[in-house]
Amino acid sequence: MAAEPDAGHGRRSPEPDAPESGAPGRRASGRWWRRDVGARRTAGWWRRKSLRFRLTAVASAVLGVALALSAYVMIDVLSRALTATIDESIYQRARGVVSQSDAGQLPAELTSPDGVLIQVLDSSGRITHATTGTDRLVPLLDAGERAEAVAAKRADFLYGGPYGIPHLLRVRVLSADGGRTVIAARPFSEVQTSISTAGHVLVVGTPLLLALLAATSWVIIGRTLRPIAALRRGAEEITGTARSRRLPVPESRDEVHSLATTLNAMLDRLERADARQRALVSDAAHELRSPLASIRLQLEVALGHPGGQDDWRETAEGVLEDTTRLTRLAEDLLALARLDERGGALARREPVELDQLAAQTVERYGKAVVLRIGDDAHAAGNGASTSGTGPDDARVAGNGAGTPGASPDGAIVVAGDALDLGRVLVNLVDNALRHTVSPVVVALRAEGADAVLTVTDDGPGIPEADRERVFDRFTRLDSARSRDEGGAGLGLAIVRETVNAHGGAVHLEDASPGLRAVVRLPLS
């Protein structure tokens with residue numbers, strides 16, 4: 001007997017379950033993968049097309065569906081209307097024959113001027129009267145069909161070929177007295193011809209109309225998007241060296257006009273912000289150059305004469321003074337940068353008791369500052385002279401205790417940031433102390449819906465024409481307000497922007513003598 005071949009040699013026997021179990025899953029996953037890839041490719045192709053193409057394609061698709069539905073509805077309505085007209089004509093014709101039969105006035109020969117075919121059958125089903133061209137031996141409907149037609153009370157279709165009439169007919173059956181039956185029929189070919197003609201017109205006219213509407217949509221959408229293309233070209237022309245250019249604004253008062261106006265307003269704001277930032281950087285560099293040059297000069301002189309210890313002490317004092325100026329300038333620049341970064345918004349909003357904040361701030365200045373709250377503040381705000389304030393009064397007010405009329409009606413509370421408001425008061429007081437002889441008067445009162453804070457000095461004052469300009473950054477009016485005597489010209493700028501962020505206002509007015517800074521903040 002021959003030996004069986006070794007299973008380990010020759011052809012490998014297939015695993016019986018692997019193809020059956022694995023192949024359907026692979027085929028199904030492959031179909032889904034191909035379908036997903038095809039959908040993504042289609043979506044990517046669609047997104048890569050221009051907006052004009054996509055709008056035209058969508059509009060044409062919607063118009064095509066609308067025209068197709070309209071054509072279908074039109075054919076259906078036309079068919080129903082023509083069918084109803086034929087049904088009404090055969091009914092009226094059959095009704096007239098029934099009346100003649102009931103009256104016994106049926107003529108020997110029935111005429112059909114409107115093309116309606118008539119057969120009159122007696123009770124036995126024999127044709128007694130018929131129109132010319134109608135079969136006189138075989139009824140169009142047998143007895144059972146006539147009974148159903150009479151009961152249905154409506155017309156029905158009948159093919160007239162077996163009766164020598166090569167047309168589709170609409171047939172109506174009415175019963176008359178004496179068991180008689182009247183069959184009325186009319187060819188449906190005229191309706192079919194009308195529907196066929198209308199269908200051919202729609203088949204040819206609908207694509208032409210769709211093409212015309214698509215072309216019109218293409219032109220209209222192109223003209224509509226033309227201002228957007230002009231905006232794009234205008235935006236491409238705006239570069240770092242041509243920041244003053246603006247986008248073209250269309251004459252039409254539509255959404256594109258509003259978009260162009262909004263974008264130009266945004267460009268204005270960006271240009272102002274850029275100019276402001278450049279000016280800040282330039283002014284800051286100019287301000288930093290002076291103390292740095294002074295420090296360098298003093299150190300070079302000290303290094304050139306290293307023998308004198310007193311010279312080194314004097315140099316250290318001068319360097320310390322310049323370093324203090326640099327520190328103050330850095331703090332002011334940081335405060336302005338934070339205000340610009342917030343865009344006029346507050347870092348936090350919480351109830352702030354201005355009377356307590358003013359008392360704590362004034363206390364640090366000792367006799368140099370007098371605090372008045374309530375009625376005394378109103379008197380000071382109306383221009384009461386501060387020259388008669390004695391040292392004892394200044395000391396008591398400066399310590400924040402025993403202030404006449406301090407908050408008689410309760411605390412004066414505003415909503416805002418206590419640290420920023422404290423900086424406002426410090427800047428105003430520091431600015432006043434540089435130019436006053438007598439103590440500076442800080443007054444606080446509630447006036448209507450506002451809290452009114454005033455800081456008054458008896459210095460030389462500021463001309464009315466310059467009282468708004470001093471709120472600009474790095475502004476100094478004369479030598480009396482120089483770098484050595486004052487700051488970098490940022491204090492009042494910080495005051496104005498901080499007060500504006502709190503929803504208030506600040507201005508300067510004549511104190512006769514001196515100057516008064518008036519801050520108004522809405523009460524909380």
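Note that the coordinates shown come from a computational prediction; the quantities given were computed from them, not determined experimentally.
Considering all non-hydrogen atoms of both residues, Arg349 and Ala501 come closest at NH2-O, 4.3 Å. Closest approach of Leu141 to Leu158, counting heavy atoms only: CD2-CD2, 4.1 Å. Considering all non-hydrogen atoms of both residues, Pro107 and His129 come closest at O-CD2, 3.0 Å. Residues Pro250 and Ala260 come closest through the heavy atom pair CD-CB, 4.0 Å. Between Arg52 and Gly222, the shortest heavy-atom contact is NE-CA, 3.4 Å. Contact between Gly422 and Leu357 at its shortest, heavy atoms only, is N-CD2, 3.7 Å.
Using a 4.5 Å heavy-atom cutoff, the side chains of Phe157 and Leu169 are not in contact. Contact check for Leu174 versus Val97: no side-chain heavy atoms found under the 4.5 Å cut-off. Looking only at side-chain heavy atoms (C-beta outward), Leu515 and Asp510 stay at 4.5 Å or farther from each other. For the pair Leu121 and Arg126, the minimum side-chain heavy-atom distance is 4.5 Å or more. Taking 4.5 Å as the limit, every side-chain heavy atom of Leu354 sits out of range of all side-chain heavy atoms of Leu453. In this structure, Phe471 and Val506 have side chains that are in contact, with non-hydrogen atoms separated by less than 4.5 Å. In this structure, the side chains of Ile228 and Val256 come closer than 4.5 Å at one or more pairs of heavy atoms. Using a 4.5 Å heavy-atom threshold, the side chains of Val352 and Val413 count as separate.
Comment: Asp417 engages Arg348 in a salt bridge, judged by a side-chain N to carboxylate O separation of less than 4.0 angstrom. A salt bridge links Arg469 to Asp466: at least one charged side-chain nitrogen sits closer than 4.0 Å to a carboxylate oxygen. In this structure, Arg95 does not pair ionically with Glu88, as no charged nitrogen and carboxylate oxygen lie closer than 4.0 Å. Between Asp87 and Arg170 there is a salt bridge, since a side-chain N of the basic residue sits under 4.0 Å from a carboxylate O of the acidic one. Electrostatic pairing of Arg246 and Glu271 counts as a salt bridge here, judged by a charged N lying under 4.0 Å from a carboxylate O. We find that Arg136 and Glu109 are joined by a salt bridge, their nearest charged nitrogen and carboxylate oxygen being less than 4.0 Å apart. Between Glu509 and Arg467, none of the side-chain N atoms (NZ, or NE/NH1/NH2) sits under 4.0 Å from a carboxylate O, so this pair counts as no salt bridge.
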Exercise for review: Check step by step if salt bridge (Lys or Arg N to Asp or Glu O under 4.0 Å) holds for Arg520 and Asp450.
Suggested key: CA-CA 6 Å; Arg520 286 184 173 270; Asp450 295 332; 3.7 Å; yes
Worked verdict on Thr454 versus Arg516 for side-chain hydrogen bond (donor to acceptor under 3.5 Å, both in side chains) | CA-CA 6 Å; Thr454 63; Arg516 179 180 297 110; 4.9 Å; no
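Thr134 and Thr131 form a side-chain donor-acceptor contact under 3.5 Å, judged by distance and modelled atom types alone. There is no side-chain donor-acceptor pair under 3.5 Å between Arg146 and Thr181. Counting only N and O atoms by type, the side chains of Ser89 and Arg186 include a donor and acceptor under 3.5 Å apart.
More than 12 heavy atoms of other residues, nucleotides or ligands shown are found within 6.0 angstrom of CD on Glu350. Counting non-hydrogen atoms of neighbouring residues, nucleotides and ligands closer than 6.0 angstrom, the CD atom of Glu255 reaches no more than 12 such neighbours. Within 6.0 Å of atom CE in Met74, 12 or fewer heavy atoms from other residues, nucleotides or ligands are found, so the atom counts as exposed in its surroundings.
Between the side chain of Gln119 and the backbone N or O of Asp135, at least one donor-acceptor pair lies under 3.5 Å.
One finds the CZ atom of Arg423 at 8.5 Å from the CG atom of Asp420 (value rounded to the nearest 0.5 Å).
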